[in-house]
Every structure is written in structure tokens, then in C-alpha cells.
Amino acid sequence: MAIEMKAAVLNNRLVFADFAKLFAMFVVTWGHCAQCLSGITFPEMFGKPGVLIAFHMPLFMIVSGYFIHPGHIRDKRWHAYVSGKFKRLVIPALAWYACYCLLTIQKPHLMGCVGFYWFLTSMFLSLLLISVVVRVNKSDNMLLYLASVLIVVFLPFSSFLHINFMYPLMMGGMFLRKATDRCNRTELTRCAIILFLSSAFLLYYWDVSYSVYLTPFDSTHFSHQSLYALAVRLLTGFVISSFFVVLFMLTDRRKGIQTLSKYGKYTLVMYTASFIINGILDIILSQLHLRASQPGLLELSSCMWSIAVCFLCVLLAQLLEKNDLAKRLFMGISIH
């Protein structure tokens, strides 16, 4: 029988999970910073356009799905569960969107309220679907969970906010936890090697046209090309994300990772506030006609700027923590 590998815990939080969230959000911010500095929607980095898109959001969804425990969801009243997730995800999205419009002098509009921070809204709707599925599937039959993924993927209009992309990845996180729960260090190391080689192969053949932005899958306008693109991005996102999760499991006792992991709780503010910071910078760069798109320069400058933005967002989050109303509105933290 395999001996379970105990994960490192710091302040009652799993170190590898918080570090994975922080790493994922840094990569998301890096991609947004590259867009801002270059003025290009899918800038070429490391020799490929949109390479970071292949795994940055999937990694965050995989980590979120890792903490889906069907029993815990069933133990909560459905209304209380949904209300809690709404306050945690949707209220901050609306509050930050209002700030973005105010600070960048943009006129708010209805779809912008829902879609600007689409990732948070999509995460809420995916959790809403999962809360229904786990109540129906009381025996936790994995085949039924897999069937729910297929149903959501082919459900008409499930491309709204990319739910048919996000929901399968969130379920993938739950599957990953079940697969790694009883693995020992040796087994996880072997798994990490296999995932690394698979990730390198998938990234080598990654094409930005497979991204959810360019080829969203909608069963009401079915095409084999969009279905193939969906399969590629789900496979690529799941494999690369799983590699990083397993890697961080194996290295979660390193001092540097433990030190940085404590900032993983601020990822919501990093995601939302970084849009505002980059939005203001984009206006300034446009007025000055300054852009950086040269290979090497873009990777370095956007990486350094991303580090600075994440640092500023952490400082902002720590400031918001000092006020109860700010915590509710901008961080989704309920005060008990």
C-alpha cells in the first residue's frame, strides 16, 4: 500500500495550493502586462503568440477544483452555498469593474458588468453547476461526473463566459486530487516527469488559434474545427496545470515557496486590480506612442512589470483588509 505524502501546511492553509494560485495569477498578470506594453492582443513570447494562455487560467481552475469536496457541498444548505460564492466572486467583480470604469474614464455597460471580469463570473457559474451535480450524484460516481462534463460541453449556449471550458477544468481539479491523494513522493516524482514531457510536447505544438478566445465551442453552431480546438486547449491546460500542481506538491517544504505562498490569498485582488493598473498604463503608453514588442525585450520588461504590479496589488489588498466594508466589496471576505 502506498504511503500518503503529507502536504505542508502553513497557517491552516496548504502551501502548494496557495503557491500554485500565486504562480497562476503571476502568469496571468504577466500575459496582461505583455499585452499592455506591446499593444498587441496576442503578443509573441518565447517564440509563440499567446503561449501563456495555454495554461494560466486552466491552472487556476484546476487548483480551485482540487478543493471541491462533494460531501462538504452537500452538508451546506444550497442557498447558503450559492450566496456565499456570489459574495465571494461576483460582488468583487462588480465593485472592481465600477472602479475600472471610473479610473479609466470608461462608460459602463450591461455586458461589461458580467463579462469584464469574466473569469470570476464563470467560476461562480461553474461552482453553481457543480453544487447541483454533487447533490444529484450522491454516490460520487466518477462516471456520472464525467457525464456532467460532456453535458455541459455540449449544452446549448454553454460557451457563455466560456463555461464549457472552465467547468471541465474545475472537474479536472477534483479528479486530480482523487488521483494524487494516496500517492507517495516516488509516485508523484514519476508523475511529474511524465507530465513535464507531455507538457513540453503540447507547448511545442501550441497554436494560439486553439485558445478559447479565438475558437470558442458552441454546440448550436457545431463545427469539427471548434470541437478539436476545445479538446486541444482542455488537454493542454489540464496536463500543464497538473504538472505544476504536482511539482509544487513535491517542493512545498522549500523555504522560498512557503514564504511566497502566504500571498496566495490575495490572488483575487491581483487579478482585478492589475486590470486597472494596466488599463491606466495602456492609456499613458498610447498617448506617448511607446510600445515594446521586440523579442527578448518584451519578455523581460513584461515580467519585471508583472512583478511590480503583483507587489502593488498585494500592498493594496493588505490595505483593504483593514476595513470591513472594503473586505466585503473588493475581496469577497465575509465578516463573522
- prompt: Per the side-chain contact (heavy atoms from CB on, under 4.5 Å) rule, which among N164, D218, L129, L125 passes with S158?
  reply: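 Of the listed options, the one satisfying the test is N164.
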
Given 3.5 Å as the limit, does a donor-acceptor pair link the side chain of [X] with the main chain of [Y], or not?
{"X": "R233", "Y": "T215", "result": "yes"}
{"X": "S122", "Y": "W118", "result": "no"}
{"X": "E299", "Y": "G296", "result": "yes"}

field: Any residue meeting ring-ring contact (aromatic ring centres under 6.0 Å, His included) with F55, in chain and number order, not counting sequence neighbours
entry: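 F244.
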
Distance-only donor-acceptor hits, side chain of residues 146-155, under 3.5 Å, sequence neighbours excluded:
residue: S148; atom: OG; partner: Y145; partner atom: O; Å: 2.6
residue: S148; atom: OG; partner: Y167; partner atom: OH; Å: 2.8

Please name all residues satisfying side chain to side chain contact (heavy atoms under 4.5 Å, CB included) with [X], sequence neighbours left out, ordered by chain then number.
{"X": "S306", "answer": "F26, T29, W30, C33, C310"}
{"X": "V239", "answer": "L195, S198, S199, L202, L235"}
{"X": "I277", "answer": "W305, V309, L312, C313"}

Kindly list each side-chain donor-acceptor pair under 3.5 angstrom involving residues 76-84, sequence neighbours excluded, with atom names and distances?
residue: W78; atom: NE1; partner: S131; partner atom: OG; Å: 3.0

task: Scan for salt bridge (charged side-chain N to carboxylate O under 4.0 Å, His left out) pairs involving residues 85-99, sequence neighbours excluded, and state none if there are none.
output: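 Sorted result for residues 85-99: empty, none.
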
Would the number of heavy atoms belonging to other residues, nucleotides or ligands and lying under 6.0 Å from [atom1] of [X] be above 12?
{"X": "F222", "atom1": "CZ", "result": "yes"}
{"X": "R254", "atom1": "CZ", "result": "no"}
{"X": "M304", "atom1": "CE", "result": "no"}
{"X": "F196", "atom1": "CZ", "result": "no"}

message: Test side-chain hydrogen bond (donor to acceptor under 3.5 Å, both in side chains) on D207 and S209; report intermediate values, then the result.
response: CA-CA 5 Å; D207 187 320; S209 66; 2.9 Å; yes

- request: Would you give the length of the straight line joining atom CG of L230 to atom CZ of F217, rounded to the nearest 0.5 angstrom?
  value: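 Interatomic distance, L230 CG to F217 CZ, rounded to 0.5 Å: 6.5 Å.
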
Is the closest side-chain heavy-atom distance between [X] and [Y] below 4.5 Å?
{"X": "F248", "Y": "T251", "answer": "yes"}
{"X": "F23", "Y": "L260", "answer": "no"}
{"X": "Q258", "Y": "D252", "answer": "no"}
{"X": "N184", "Y": "L188", "answer": "no"}
{"X": "K262", "Y": "D18", "answer": "no"}
{"X": "M331", "Y": "E321", "answer": "yes"}
{"X": "L316", "Y": "F330", "answer": "no"}
{"X": "T180", "Y": "E187", "answer": "no"}

query: Using the ring of each side chain (for Trp, its six-membered ring), is Y263 parallel, tilted or perpendicular to Y266, with breaks at 30° and 60°?
result: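 Geometry flag for Y266 against Y263: tilted rings.
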
task: Please state whether the rings of Y210 and Y228 are parallel, tilted or perpendicular, taking 30° and 60° as the class boundaries.
output: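 If you compare the ring of Y210 with that of Y228, the planes turn out perpendicular.
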
message: Suppose we screen for salt bridge (Lys or Arg N to Asp or Glu O under 4.0 Å). Which residues come up paired with R291, at least two apart in sequence or across chains?
response: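 If we apply the salt bridge (Lys or Arg N to Asp or Glu O under 4.0 Å) test to R291, skipping adjacent residues, the hits are D282.
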
task: Kindly write out the residues that satisfy salt bridge (Lys or Arg N to Asp or Glu O under 4.0 Å) with R190, not counting sequence neighbours, or none if the list is empty.
output: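 Salt bridge (Lys or Arg N to Asp or Glu O under 4.0 Å) check on R190 returns nothing, list empty.
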
Show every donor-acceptor pair shorter than 3.5 Å between a side-chain atom in residues 34-49 and any protein atom, with sequence neighbours excluded, or say none if there are none.
residue: Q35; atom: NE2; partner: T41; partner atom: O; Å: 2.6
residue: S38; atom: OG; partner: A34; partner atom: O; Å: 2.7
residue: S38; atom: OG; partner: I40; partner atom: N; Å: 3.1
residue: K48; atom: NZ; partner: Y204; partner atom: O; Å: 2.8
residue: K48; atom: NZ; partner: W206; partner atom: O; Å: 3.3

- request: Take S226 and S223 through the side-chain hydrogen bond (donor to acceptor under 3.5 Å, both in side chains) test and state the conclusion after the steps.
  value: CA-CA 6 Å; S226 61; S223 74; 2.8 Å; yes

message: Less than 6.0 angstrom separating the ring centers of Y97 and Y117, yes or no?
response: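 No, the ring centres sit 6.0 Å or more apart.
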
- request: For ring pair (Phe, Tyr, Trp, His ring centres under 6.0 Å), just list the numbers for F119 and Y271, CA-CA rounded to whole Å, side-chain angles, deciding distance to a tenth of an Å, and then say yes or no.
  value: CA-CA 9 Å; F119 178 71; Y271 175 63; 5.7 Å; yes

- request: Linking directly or through intermediates, with side-chain heavy atoms under 4.5 Å: list the remaining ILVMFWY members grouped with F311, chain and number order.
  value: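 The other cluster members (ILVMFWY side chains, heavy atoms under 4.5 Å, direct or chained) are L315.
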
Using residues 59-74 as the side-chain source, report each donor-acceptor pair under 3.5 Å to any protein atom, sequence neighbours left out, with the distance given to one decimal.
residue: S64; atom: OG; partner: F60; partner atom: O; Å: 2.9
residue: R74; atom: NE; partner: V134; partner atom: O; Å: 2.6
residue: R74; atom: NH2; partner: V134; partner atom: O; Å: 3.2
residue: R74; atom: NH2; partner: N137; partner atom: O; Å: 2.8
residue: R74; atom: NH2; partner: D140; partner atom: OD1; Å: 2.5

- prompt: For S261 and R13, does a side-chain donor sit closer than 3.5 Å to a side-chain acceptor?
  reply: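 There is no such pair (donor and acceptor under 3.5 Å, judged by atom type) between the side chains of S261 and R13.
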
